[in-house]
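As C-alpha cells, the structure follows; a few thoughts come after it.
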Amino acid sequence: MSAPNAAPSKASRASTDDLARTCSQVRRDIIRMVHAVQSGHPGGSLGCTEFMVALYFKVLRHDPAHWSMDGAGQDLFFLSNGHISPVWYSVLARSGYFPVKELATFRRLDSRLQGHPTTHEGLPGVRMASGSLGQGLSVAIGAAMAKRLNGDPHLVYSLHGDGELQEGQVWEAAMSAAAHKVDNLIATVDWNGRQIDGDVDQVMPLGDLPAKWRAFGWDVLEMNGNDLVDVLRGLDDARSRTGRGRPVAILMRTEMGQGVDFMTGSHHWHGVAPNDEQAARALAQLPETLGDY
Amino acid sequence: MNPFPKLDEKDTRSGFGAGLLEAGQRDPNVVALCADLTGSLKMDAFAKAFPDRFVQVGVAEANMMGIAAGLTIGGKVPFTGTFANFSTGRVYDQIRQSIAYAGKNVKICASHAGLTLGEDGATHQILEDIGLMRMLPGMSVVVPADFNQTRQATLAIAVHEGPVYLRFGRPKWPVFIPADMPFEIGKAQVLVRGTDVSIFACGHLVWRALQAAEALQAEGVRAEVINVHTIKPLDVAAVLDSVQRTGCAVTCEEHNRHGGLGDAIAQVLACHRPTPQEYVAVDDVFGESGTPDQLLRKYGLDTPDIVAAVQRVLKRK
C-alpha cells in the first residue's frame, strides 16, 4: 500500500522552463527509442509530450518511488491510446518509476517495455494493458468508482486518441460516466486530427466534438496541447471542475509530430520509424537537456 | 440406482443470485455490475442490499467489462452479469486485453448459456463460450451442475484470485448436489463409482449423465459419473485416474463439440493415455427456438444420447 494522500511530486515545483527542457529530452528519448528498433509510433508521442510532461512533472499527485497497483492515496493515469507508449515510457522513467537506461529495451525481447503498455511484465506505473483501442475510458471510470467507494479523494486521468473515438465503447463509457456522476475523472483527447489512414475528417469525421461530449453530459474544456502554459492552465482548470457531479473532458489540440519539423503536417509519422539520417536530423532539433539514456 | 436423488427444482441462475448476495455480505469489496438484465441474472437482492456497490451499465457490455477491470485496481472484486453470449463473444477483445492479459480479478458471470435458454433461439444460445474462455491464458472456467453448486461456485470464485468465467443457465433444473457437499475450484467430483466407462459431464448435463448411468446399470453396464465443474484448470489427475480403471470415456456438455469439455478431456487423453472417447455435444450447428427438453432431444444431448454414446464407446475398448 502506498502512503495515503501523496503530496504533489517534488518535481511539481518545476518552472515552465524546467518543463520545456524536460520536453526536449523526452522528445529525444522518443526518437531514439523508435529509431533503435525501427518500429513504434513517434507522431502521437511527440504531439502529446507537453501534456505528458506537465502531468507527470507538475500536476499528478503521485509518488513514483512508492509505486503500487492500487495507487491508493495517489492520482492515477491511464493511457488508452497505448501505441504512444514511447512518450509514456519516457516520462515514467524520467519521473522515477524505473531506471532511465531501461528505455533502451523498448520493443526488444524480454523487455518490460512492450510495444504497447501492459501490466504483464510488471512495469511500474502501468496499471492496465492498452493497445486495442477504445477500452481505456471504461477502465478509468472503474478506477474512479473504486476511489469513490474507498473514500479516496484523488483523481483519475486518462488520455485518448481522436481516431480512437471512432470505437463505440468510448461512447458507451462516456454515457455511463455522466450517468453515474463520475466527477473524479479527467479524460483528455489528443485532438490532432490525424490517424493511420489519413486525416480524421477523411477517414471518419468526428463532427462537432465539443458538442458531442457536452451532449453526453461532460464538462468540456479545450486547450492547446503544444503550449506548456496553456496545458498547465487547462489542467488546473480541469481539476477545479472536478467534484461537481460531472466528468471532465479536455479536448486538446495538438500537432502530430510536434517538435520535429519534418514530422509535422501529415499523418505520415503516426507509426513510422525514422532512418539513421532522419533520426540525426530530428535529434539536431532537440537539445539534450537531461542526458540521453 | 442414482445416489443423488432430486431434492428440488430450481434454476442455476438463482444459485448465482444467492451466492452473490452472500459473497457481498462476507466481503465489502465485492461489487456487481449488470447490463440491463438484473432480474434475469437474479442480481436484484444484491442490488437492493448494496446499492452503492451495484453498477447498472445499461445495454453496454463492452463498457461493463472495462469498468469491472478498472474497479479491480482499487481492490474491488467485481462480478459482471449478463447472458453468456454477451458475456463472451460480444466482448472477447475487452476480456482478452483489459481482464485476461492485464491479469485483473474480474468474475464474469454468465446466465442463459447453451441450448436450454430455450425459446429465444440461436442468437442467444451461445454454444462456443467455454471454448472462447478456456483459450485465454490465466482464465478459469467453472460450469456448476445445479442450484446448490452454482451458489457454492459463486462463493468460491469470490475468494479466488484471478479472472474467472462462471457459466450457468435459465431453466428450472433438478437440484441434486447436497448444499454441504465440498466444492473446490479445479477438483472434479466422482458422483458415481463405476468400472466400465467414465462419463464426464458439466453443467445441466450432469443430471442427464446420472440418469444415463442409472439406465445403463439396468443393462449391466457400470458407469462412473464425474462432475467436471471446472473445465479450466482441468482436474487432469481425476480424469486419468478414472479412465485408467474404465478404459473409455464419454463427455457430455451443452456446447459445440469444438472447443469445450470434450476437447479439454480429449487433449489430456491424447497426451497422457490414449483412450476411446465419444462426444455428447452439439454437432457444430446453431440451435433454434424450442423448450429446453425439446432442444436437448433434437440436438442429441438427452439421456438416451448419453446411453447410446456409452454403447458406442464400449465397442471401441
Side-chain angles (χ1 to χ4, degrees), chain A residues 1 68-74 76-78 80 82 114 116-123 126-152 154 156 158 167-182 184-185, chain B residues 24 27-36 47 50-80 82 86 90-107 136-139 161-163:
Chain A
M1 285 286 282
S68 66
M69 176 55 77
D70 69 10
Q74 304 195 30
L76 305 184
F77 172 75
F78 293 96
S80 188
Q114 291 291 298
H116 294 81
T118 177
T119 56
H120 200 255
E121 282 75 27
L123 185 67
V126 179
R127 295 186 168 87
M128 176 50 66
S130 60
S132 177
L133 293 171
Q135 300 187 27
L137 188 56
S138 305
V139 171
I141 291 166
M145 286 177 165
K147 282 217 176 287
R148 202 157 63 179
L149 285 166
N150 292 337
D152 181 344
H154 289 76
V156 175
S158 60
E167 291 281 6
Q169 186 183 346
V170 176
W171 300 100
E172 293 182 4
M175 203 184 313
S176 69
H180 289 284
K181 300 183 166 52
V182 182
N184 53 343
L185 170 65
Chain B
D27 181 358
N29 279 321
V30 166
V31 297
L33 304 91
C34 189
D36 195 30
F50 309 108
D52 295 343
R53 289 154 53 191
F54 177 76
V55 184
Q56 171 63 266
V57 297
V59 193
E61 296 82 6
N63 186 39
M64 175 166 73
M65 294 303 167
I67 293 179
L71 280 159
T72 66
I73 291 165
K76 302 300 161 194
V77 183
F79 284 67
T80 66
T82 181
F86 315 137
R90 187 177 181 94
V91 290
Y92 197 66
D93 189 46
Q94 284 76 17
I95 293 175
R96 181 179 180 275
Q97 174 171 285
S98 293
I99 296 175
Y101 181 45
K104 298 305 182 195
N105 191 28
V106 176
K107 315 304 171 186
L136 290 170
M139 180 69 71
E161 182 67 31

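- Each of A:A173, A:S132, A:A143, A:S176 has some count of heavy-atom pairs under 4.5 Å with chain B, and the biggest count is that of A:S132.
- Rounded to the nearest 0.5 angstrom, A:H154 NE2 and A:L76 CG are separated by 9.5 Å.
- Residues passing the salt bridge (charged side-chain N to carboxylate O under 4.0 Å, His left out) test with B:K76, sequence neighbours excluded: none.
- Once rounded to the nearest 0.5 Å, the distance linking CD of A:Q135 with CD of B:Q97 reads 4.5 Å.
- Heavy-atom neighbours of B:R96 CZ from other residues, nucleotides or ligands within 6.0 Å: at or below the threshold of 12.
- Of the two parts of A:L137, neither the backbone nor the side chain holds a non-hydrogen atom closer than 4.5 Å to a non-hydrogen atom of chain B.
- For A:A140, no part lies near chain B; criterion is any non-hydrogen pair under 4.5 Å.
- Contacts of B:E61 classified as salt bridge (charged side-chain N to carboxylate O under 4.0 Å, His left out), with partners at least two apart in sequence or in another chain: B:R90.
- For the set A:K147, A:H116, A:H180, the count of heavy-atom pairs under 4.5 angstrom toward chain B peaks at A:H180.
- Both the backbone and the side chain of A:S138 have a heavy atom closer than 4.5 Å to some heavy atom of chain B.
- Among A:G136, A:G134, A:A146, A:A144, the residue with the largest count of heavy-atom pairs under 4.5 Å with chain B is A:A146.
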